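What follows is one structure encoded as structure tokens, with my remarks underneath.
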Protein chains: 2
Amino acid sequence: MNNPTDTAAVRRHNVALVLREIAAHGPCARTEVAAATGLVHASVSALAADLIGRGLVAEVGSASSGGRGRPRRLLRLVPGRVVAIALQVTLERVEVMAADLAGAVAHRASVPHRAPFGDPEPLAAVLAREIGRAEAVVRARRDAHLARVVIAMAGPVTGSGHTVAAAIDFGWSRTDLRALVLAHLPDLACPLDVVNDANVAALAEFHARAEQGGELPCAVAYIKADTGVGGGLVVGGRIHTGTHGMAGEVGHIPVAFDGPDCPCGARGCLAMYVGPEPLTAAAGLADVAARDGVDGALAELDRRLRAGDPRATDALAFAGRSVGAAVLAISGLVDPGEVILGGYLATWAAWLTPGIDAVMAGRRAGAPHLEPAIVRGMLGPDATLHGALRTSREATLDDATTVPTLDKPTPAG
Amino acid sequence: MNNPTDTAAVRRHNVALVLREIAAHGPCARTEVAAATGLVHASVSALAADLIGRGLVAEVGSASSGGRGRPRRLLRLVPGRVVAIALQVTLERVEVMAADLAGAVAHRASVPHRAPFGDPEPLAAVLAREIGRAEAVVRARRDAHLARVVIAMAGPVTGSGHTVAAAIDFGWSRTDLRALVLAHLPDLACPLDVVNDANVAALAEFHARAEQGGELPCAVAYIKADTGVGGGLVVGGRIHTGTHGMAGEVGHIPVAFDGPDCPCGARGCLAMYVGPEPLTAAAGLADVAARDGVDGALAELDRRLRAGDPRATDALAFAGRSVGAAVLAISGLVDPGEVILGGYLATWAAWLTPGIDAVMAGRRAGAPHLEPAIVRGMLGPDATLHGALRTSREATLDDATTVPTLDKPTPAG
DNA sequence: CTAAATATTACAAGAGTTGAAAAAACTACC
DNA sequence: GGTAGTTTTTTCAACTCTTGTAATATTTAG
């Protein structure tokens, strides 16, 4: 907010306020919105009329409010009015999901991409094709407004939100993925963002918790492990990307500065203790990994954990200690209210917790009220897709005036 | 910004914008302010008139701008109009400084406090007495407006900004220092804040760099060591306090999770490697420390470093490695554009850098553009006092309408 | 001394919110 | 069944703020 402000900005802000309230607290009357936002009845009426004009909000019947008096006319989000497309790039596939502001899924796809190492162009073509398909689905719906396309993938993304600084798994460096994809889509009429997968997963988990628990902490950290170790920081409800898009890369927190060498160039990184390869190796599954791949080894590790194999449980307990060290680092630096575990850290939380607690016990004993709560993420493997959709949702809720009015400006029939 | 916005908020924002511009870029004309802020000439005139009415800004002569034409009338901050009082609590003394928005010092004091362990009340009395003295100095000045009193001390301060959660050095816990001090000052007519000393020092160093370098990074981390190891995070120009006021406590980042026990309850904390006791001990000065205290040992260490004593330089090189590990953790988590060293880390940066670089070399080799620059702080031991003043300054610049107009509202003679 | 150039102010218009009054719509009660 | 009471929503005049244009002020070049 370094720019000059005028009354239009006030309008934007207050429209967003009303829309956010209606989106968050289900169908509700104008009076309730006024009470919740602090705006005056007259203002809420005008702002709601604006939102209705954009097709974002509609009146949905009346509800007599207990005693006598005029019944309140409830407002709610119009399903399917604003849709976003999210794409997640994993090692082998592209996952696609399109959903509206309420989270109703309009389109879902999963395709293999067979991207060659070192050349982002074929993957960009696949992404563009899938965006086109999803866009066609959205366009077929009457009055659906495509707000944004969001591509999530591993690797730091620079602040401006389009260049992947280093995608180790794909052998790229400083690749403007947005430009590559947009080159295939000259007619795309909405913004396209590239984001870090773990960062948006953190955002999704943050909102999932905020929606069920009442209070939302000022900061939340997310640590996940699946094919890699990553994470994200949500500060004040927003993703903290950092100067180079590296923020939240918890996989490379050094938990032992004289530890084993990490491919990143440093020593003793967290990923060297809880990453899939070191973890399965520590559980004595190196041979399984060599034969069946990492996924097979992880599945076998899961079986052995549930069977009570001591070598497996010991490996998890040791890994837990490194997670505990990372949590202490996070606690001291960022001081989040909660640390959320994702991926197999959530699945195997029961076996990790003893190690985490052991490392944190000392400090907790001194000041238990100052340490973050460690909780399991509630979203499964789709956390990233949901998070990518969430970034679009937040952008729309922040500035609803980007959604066109339904009267004349869209004469497309 | 979750509250409804009205035109008054627009005014606040734009007044702040103009004031900030005048404060930052010296005496400048309305035209220049308009160009820099994006506001229209007419608006700048009105806003400047408001600021002049509050006595914050004054016209200071004309300056012909090159060629012909009406000369521009320059605006500048009125010295001494808005004054803040900062107090820093150290182990043995209370340091006091009062200064105006431009940083001109109006009052300076340093008194021993002899605070007993476990009882905050005597210290609160000393603080209240010193605030009263500083206030009297401010009040004696014609038209000086006391904006804020800020108390900086070690220990996490909760977000609401008044309770010290744990002051280890003084043996307090969850102490509402603000209430204790205000009880002695029933007539204090301005807000009183309690802040973490290292956090505000980080803010001061951030602004010191921002003022000389043009671009300010989106995030900056600060690490200092003197009587203790601490730090701060500045994100988006603001101090990130965290959920419990613990953010930036870099002294307790674990750099080796099987390292030596730390009084905080954890193991391998950074403070166990670069803190004054471990550092002097590693340099073979344990006996000096026992005889002359920590300060004596640090002075001796400084002499030996400059004399080239290999044991001293080796100790610093080793400590540097732990700092490097902490920087890697900070880089991965927060991804600041710069890491600023303070205290004796700045003084002895030349001996620490080899160790830091050794730890960071590996990752820098892979992606040099993604690692933060490590720089020495420019402010000396007064960084904390300047930072405390800076928090007040930022609050005033954010909302200049808190400064009363000079006409009638202040009939005090 | 005049014309050009630059800086600042004056003024009407447009957009937004606010507060009070009016209208709408339903329930309860006689 | 009609009327009063209650609650919700809309209408309308007033106020504030920014903007764009025009007018005014002030200096230098020629």
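Computed over heavy atoms, backbone and side chain alike; hydrogens, waters and symmetry mates excluded. For clarity, every value in this text was computed on a predicted model and none was experimentally measured. Throughout, protein chains are lettered first and strands after them, A, B, ... in sequence-line order, and every chain is numbered starting at 1.
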Using the test side-chain hydrogen bond (donor to acceptor under 3.5 Å, both in side chains), find all partners of [X] that sit at least two apart in sequence or belong to another chain.
| X | answer |
| --- | --- |
| A:Thr401 | A:Asp399 |
| B:Arg139 | B:Glu135 |
| B:Arg11 | none |
| B:Arg238 | B:Asp398 |

| request: Ignoring hydrogens and angles, state whether a donor on the side chain of A:Glu21 or A:His25 is under 3.5 Å from an acceptor on the partner side chain. | output: yes
| remark: For residues 38-57 of chain A, the side chain to side chain donor-acceptor pair (under 3.5 Å) pairs (sequence neighbours left out) are A:Asp50-A:Arg54
| Given atom NE2 of B:His41 and atom P of D:dA22, what is their separation to the nearest angstrom? | 16 Å
At a cut-off of 3.5 Å, list every protein nitrogen or oxygen paired with a nitrogen or oxygen from nucleotides 13-18 of chain C, distance to 0.1 Å.
unit_1, atom_1, unit_2, atom_2, d
C:dT17, OP1, A:Asn14, ND2, 3.0
C:dT17, OP2, A:Arg11, NH1, 2.7
C:dT18, OP2, A:Ser43, OG, 2.7

| note | B:Arg30 meets the salt bridge (charged side-chain N to carboxylate O under 4.0 Å, His left out) criterion, sequence neighbours left out, with B:Glu59
| Taking only residues two or more places apart in sequence, or in another chain, which ones meet A:Asp176 in a side-chain contact (heavy atoms from CB on, under 4.5 Å)? | A:His162, A:Thr163, A:Arg178, A:Ala179
| Any side-chain N or O of B:Arg30 under 4.0 Å from OP1/OP2 of C:dT9? | yes
| request: Would you mind classifying the nucleic acid contact of A:Thr31 as base, sugar-phosphate or nothing, using non-hydrogen atoms under 4.0 angstrom? | output: sugar-phosphate
Dump the pairs, protein N or O against N or O of nucleotides 21-25 of chain C, anything under 3.5 Å, distances to one decimal.
unit_1, atom_1, unit_2, atom_2, d
C:dA24, N3, A:Arg70, NH1, 3.4

